[in-house]
Colleague: 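Please read through the structure below; I'll follow up with questions.
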Amino acid sequence: MEHNVTLSTLNRIAFIGNYLPRQCGIATFTTDLCEAIAKEHIKTTCIAIPVNDIEVGYAYSSRVRFEITEKDIESYHRAADFLNVNNVDLVCLQFEYGIFGGRAGGHILALLRNLRMPIVTTLHTILHDPDPDQLKVLKQVAALSDRLVVMSERGAEFLQTVYEIQEDKIDFIPHGIPDVPFVDPSYHKDKFGVEGKVVLLSFGLLSPNKGIETVISSLPAILKKHPNVVYIILGATHPNVVRNEGETYRLFLQRLAHEKNVESHLIFYNRFVSLEELIEFIGATDIYVTPYLDPAQITSGTLAYTLGAGKAVISTPYWYAQEMLAEERGVLVPFRDPKALAEQVIDLLDNESKRHAMRKRAYLYGRSMIWPKVAKEYMLSFEKARVERRHFSPPGFAIQPLDKRPSEMPPLKLDHLRHMTDSTGILQHAYFTIPNYNEGYTIDDNARALMVSTLMQDLGNGEVFELTFRYLAFVWYAYNPKTGRFRNFMDYQRHWLEDSGSDDSHGRALWALGTVLGRASAPTLPSIAGRLFEQALPAILGTSSPRAWAFALIGIHEYLQRFDGDRMASQVREELSERLLGLYQRNNTEEWHWFEEGLSYCNAALSHAMLLSGQSIPNPTMTQIGLESLEWLSDLQRGDADGDHFVPIGSNGFYPRGGEHARFDQQPVEAQATVSACLEAYRLTREIRWRKEARRAFEWFLGRNDLNSPVYDPTTGGCRDGLHPDRVNENQGAESTLAFLQSLLELRLAENNALDQEEVKTQ
């Protein structure tokens with residue numbers, strides 16, 4: 001349906017994306033777009049909502065009104081609230097997988113789902129072969145957006161063929177560029193000390209996928225014909241590359257220049273330059289080169305800038321370059337081909353009339369891309385979205401009452417986790433918040449820590465990546481190949497206190513390894529964990545503890561999510577789940593829906609394992625047992641007065657069948673096991689009651705308990721060791737802290753997944 005569009009009816013627009021002075025291409029684009037629209041439409045108030053990848057944030061301009069913390073999903077909810085109450089008429093989102101937290105940037109969905117105004121999303125990456133997470137997230141971003149902006153025709157094509165998005169929802173708007181005059185390169189060369197030289201330029205944040213080495217390798221052949229050529233590499237190393245790899249790539253390029261004997265013709269400007277400086281660099285350029293290595297690049301701001309400035313361009317044939325440099329607006333050369341690149345540079349330098357004709361075609365083409373024109377096209381898209389929103393219901397939006405909206409959770413604070421971890425691993429106990437060296441280490445706790453750090457990565461948070469290796473190294477060292485079992489206790493002097501640990505510690509280690517294998521993205525982690533998992537798995541069949549079986553089953557389930565064809569793991573899963581099934585069938589009565597003659601610790605893990613096995617094998621009886629036993633356990637774990645808060649089975653006596661239900665001491669691991677099991681029940685049934693049960697157990701940490709006292713310590717990020725009848729145990733040991741962190745992370749992951757599907761209202 002066509003609607004009449006009238007400009008300037010939008011009073012307040014919010015732009016979400018990275019923002020200057022953060023150093024990245026998205027930040028530059030968002031800032032330029034926001035400023036261009038503010039300049040062209042002075043009656044419209046433009047505000048910015050940037051995403052921070054560092055704790056301290058950036059020194060933003062007054063245009064920025066609210067900041068999102070990349071890894072903290074709660075800040076996305078708060079941003080939605082801010083936008084909803086501040087009379088924002090429209091949100092313009094800059095979407096790129098890597099700038100938002102969660103898998104494939106999925107945290108942004110938590111914000112979009114709660115917005116009440118139209119959303120226009122600019123897609124900076126559109127993959128032809130996305131992985132399942134990338135496909136799911138982009139399709140949901142598209143569903144929640146009123147209109148989608150692409151910067152290439154190929155991007156529009158991919159949206160329709162790969163992501164099944166209707167053509168009439170897509171607007172093609174070119175990448176904006178500054179409006180600069182068509183000048184002779186000699187005009188600016190004296191500013192950089194290259195007067196009389198022929199200047200080749202590449203610019204942008206430096207990273208290994210930019211292919212700069214191809215240009216350096218081509219220089220010897222170029223200089224043989226044109227010895228007055230100088231190659232300028234402009235731009236700082238990408239901040240993420242610096243954090244993870246340092247200046248390895250830049251040093252490699254410098255060594256390569258030395259090997260090729262071209263260092264006197266190479267200039268590095270290792271800094272992030274202002275737009276004014278960039279325009280001068282481009283002005284001094286004779287030939288611009290984009291030697292990118294990846295064909296799957298749907299847009300490039302650097303290419304748009306130089307083409308629009310009327311520069312001769314040589315590029316590898318990535319998608320955006322093929323489109324922009326068509327009709328002789330530039331030259332394409334094969335990927336990683338220094339010889340072909342040298343031939344084209346020499347040809348353009350030898351044929352001045354050809355080069356200048358190419359420049360003129362590029363400059364004229366770029367006139368449609370200058371920011372004032374692009375800003376006008378965006379405003380047309382914005383108004384179209386607003387008109388359509390009036391005629392149709394918002395995609396997927398409904399005002400949610402409080403009980404249907406996920407409650408805010410504490411921010412992820414890792415101070416105490418780091419405090420408890422040394423070069424060996426995580427220490428077992430603490431005196432208040434001070435690590436207790438006398439108690440040493442256990443594989444139980446290091447396995448828990450390994451799971452927590454892996455879950456953090458699954459959420460897109462690499463903050464404790466280096467600790468993951470430390471915890472995995474501890475688990476590796478704990479394995480005793482002579483027994484096929486893991487040792488558990490180690491003293492502070494790194495002496496093992498046993499040849500084999502408990503059955504439960506063996507099962508928990510398998511759980512941790514399975515989690516790494518099923519979820520970790522770093523290739524080195526699964527390769528190490530895989531060998532250990534394979535060696536340690538058979539020994540679980542020799543154990544007698546139902547909890548060890550349950551822990552192992554959860555780990556096997558994680559593992560088989562990625563390696564479903566592993567016959568041995570499947571056979572072990574069937575054997576252990578049949579054992580739990582047999583236990584339940586022997587002990588279950590009308591009044592006692594449980595696996596054993598008593599309830600002890602980590603009880604919900606048994607139900608959790610049954611739910612997973614029932615789905616995966618599949619075995620409906622196991623699934624039913626998992627739900628039945630968990631429902632019975634949940635009813636037991638309620639306060640007497642109001643029945644509304646979580647009361648775990650106390651460790652001071654537990655709960656023998658026919659005996660007394662121990663009220664204290666209440667342990668954090670009980671809350672964690674219940675959170676995990678209830679979240680699995682929710683994933684399986686989509687019944688909202690299970691999500692509420694998980695939240696009820698989690699709130700035990702926050703003070704919704706028998707003592708009305710918080711167990712979690714927000715000042716340290718640690719968790720106290722439990723509840724006594726009259727007080728909280730003030731020691732913040734590893735088990736307790738990791739129980740809290742695991743619960744928090746699993747709730748955040750579940751929140752991401754839960755919003756993907758409609759909930760079933762059953763009680």
Side-chain angles (χ1 to χ4, degrees), residues 13-38 46-54 57-61 63-64 66-71 75-76 79 91-102 104-109 111-112 119-127 134 137-138 141 145 148-152 155 173-178 203-207 209-210 235-243 272-275 278 290 292 294 296-305 318-320 369 371 374-375 378 460:
I13 303 173
F15 295 83
I16 301 175
N18 296 348
Y19 210 80
L20 293 176
R22 181 171 174 178
Q23 297 181 7
C24 76
I26 302 293
T28 301
F29 182 93
T30 309
T31 305
D32 288 347
L33 175 60
C34 181
E35 295 300 328
I37 289 177
C46 296
I47 65 173
I49 314 292
V51 183
N52 291 332
D53 61 336
I54 56 176
Y58 297 89
Y60 295 116
S61 70
R63 188 78 70 188
V64 170
F66 191 95
E67 299 173 39
I68 297 172
T69 301
E70 179 184 332
K71 308 298 184 183
S75 73
Y76 293 80
V91 163
C92 181
L93 171 70
Q94 308 306 309
F95 182 75
E96 160 64 47
Y97 293 112
I99 70 174
F100 303 110
H107 280 5
I108 192 60
L109 300 173
L111 188 158
L112 298 180
I119 302 164
V120 175
T121 297
T122 304
L123 298 172
H124 291 263
T125 295
I126 306 171
L127 301 172
Q134 292 166 335
V137 169
L138 194 143
V141 167
S145 301
L148 300 172
V149 175
V150 298
M151 291 178 273
S152 69
I173 303 177
H175 193 297
I177 61 172
F203 79 86
L205 292 173
L206 202 61
S207 60
N209 66 334
K210 294 298 176 68
T237 303
H238 197 292
N240 291 340
V241 174
V242 172
R243 279 196 290 268
F272 190 81
V273 297
S274 67
L275 178 61
L278 177 59
T290 55
Y292 299 165
D294 185 2
Q297 184 157 336
I298 209 72
T299 188
S300 168
T302 63
L303 179 57
Y305 276 32
Y318 55 91
W319 295 336
Y320 189 65
M369 300 168 60
W371 275 117
V374 168
Y378 265 94

Colleague: Roughly how far apart are Phe15 CZ and Ile37 CD1, rounded to 0.5 Å?
Modeller: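 Output value for this atom pair is 3.5 Å.
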
Colleague: Suppose we screen for ring pair (Phe, Tyr, Trp, His ring centres under 6.0 Å). Which residues come up paired with Phe29, at least two apart in sequence or across chains?
Modeller: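 Result, ring pair (Phe, Tyr, Trp, His ring centres under 6.0 Å) vs Phe29: His124, His175, Trp371.
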
Colleague: Please report the closest heavy-atom contact between Ile99 and Gly17, naming both atoms and the distance.
Modeller: CD1-CA, 4.3 Å

Colleague: Counting distance only, does the side-chain N/O of Tyr97 pair as donor-acceptor with the main-chain N or O of Gln134 below 3.5 Å?
Modeller: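 Judged by distance alone, yes, a pair lies under 3.5 Å.
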
Colleague: Could you tell me if the side chain of Asn18 sits less than 4.5 Å from the side chain of Pro50, heavy atoms only?
Modeller: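 No; the side chains remain at least 4.5 Å from each other.
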
Colleague: With side chains defined as the heavy atoms from C-beta onward, is the minimum distance between Val91 and Val120 less than 4.5 Å?
Modeller: no

Colleague: Checking the side chain of Tyr60 only, and the main-chain atoms of Phe66 only, is there a donor and an acceptor separated by less than 3.5 Å?
Modeller: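 Checked: no pair found.
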
Colleague: To the nearest 0.5 Å, what is the distance between CG (Leu93) and CG (Leu111)?
Modeller: 8.0 Å

Colleague: CD1 of Ile119 to CG of Leu112: how many Å apart, nearest 0.5 Å?
Modeller: 5.0 Å

Colleague: Keeping Lys210 on the side-chain end and Leu205 on the backbone end, is there a donor-acceptor pair under 3.5 Å?
Modeller: yes

Colleague: With rounding to the nearest 0.5 angstrom, report the OG to OH distance, Ser300 to Tyr305.
Modeller: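 If I round to the nearest 0.5 Å, the distance is 10.5 Å.
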
Colleague: For Glu96, which residues count as a salt bridge (Lys or Arg N to Asp or Glu O under 4.0 Å) partner, sequence neighbours excluded?
Modeller: none

Colleague: Would you confirm whether Thr302, through its side chain, and Gly204, through its main-chain N or O, come within 3.5 Å as a donor-acceptor pair?
Modeller: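 Checking the backbone N and O of Gly204 against the side chain of Thr302, no donor-acceptor pair under 3.5 Å is found.
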
Colleague: Treating Ser145 as the side-chain partner and Leu148 as the backbone partner, does any N or O pair qualify as donor plus acceptor under 3.5 Å?
Modeller: no

Colleague: Nearest 0.5 Å please: distance from the CD atom of Gln94 over to the OG1 atom of Thr30.
Modeller: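 It is 4.5 Å, given to the nearest 0.5 Å.
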
Colleague: What heavy-atom pair brings Thr69 and Tyr76 nearest, and what distance separates the two atoms?
Modeller: O-CE1, 3.6 Å

Colleague: Any salt bridge (charged side-chain N to carboxylate O under 4.0 Å, His left out) involving residues 13-33? Give me the pairs, sequence neighbours left out, ordered by first then second residue.
Modeller: Arg22-Asp53

Colleague: Quiz question: by atom type and distance under 3.5 Å, do the side chains of Tyr320 and Thr290 form a donor-acceptor pair?
Modeller: no

Colleague: Are the side chains of Tyr292 and Asn209 in touch, meaning some heavy atoms are under 4.5 Å apart?
Modeller: no

Colleague: Check the pair Phe95 / Thr122 against side-chain contact (heavy atoms from CB on, under 4.5 Å), numbers first and verdict last.
Modeller: CA-CA 6 Å; Phe95 182 75; Thr122 304; over 6 Å; no

Colleague: What is the minimum heavy-atom distance between Leu123 and Met151, and which atoms define it?
Modeller: O-CE, 4.2 Å

Colleague: Quick check, are the ring centers of His107 and Phe100 under 6.0 angstrom apart?
Modeller: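 No, the ring centres sit 6.0 Å or more apart.
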
Colleague: If every non-hydrogen atom of Gly155 is compared with every non-hydrogen atom of Ser152, which pair is closest and at what distance?
Modeller: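 Where Gly155 meets Ser152 most closely, the heavy atoms are N-OG, 3.0 Å.
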
Colleague: Where the side chain of Asn52 meets the backbone of Ile54, is there a donor-acceptor pair that is under 3.5 Å apart?
Modeller: no

Colleague: Nearest heavy-atom pair of Ala104 and Val137: which atoms, and what distance?
Modeller: O-CG1, 3.4 Å

Colleague: Starting at OG of Ser75, measure out to CD1 of Ile49 and round the result to the nearest 0.5 Å.
Modeller: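 If we round to the nearest 0.5 Å, Ser75:OG and Ile49:CD1 are 11.0 Å apart.
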
Colleague: Check Cys92 against Leu33 and note the closest heavy-atom contact, atom names and distance.
Modeller: SG-CD2, 4.1 Å

Colleague: Would Tyr19 and Ser61 count as a side chain to side chain donor-acceptor pair (under 3.5 Å) here? Give the steps.
Modeller: CA-CA 9 Å; Tyr19 210 80; Ser61 70; 5.0 Å; no

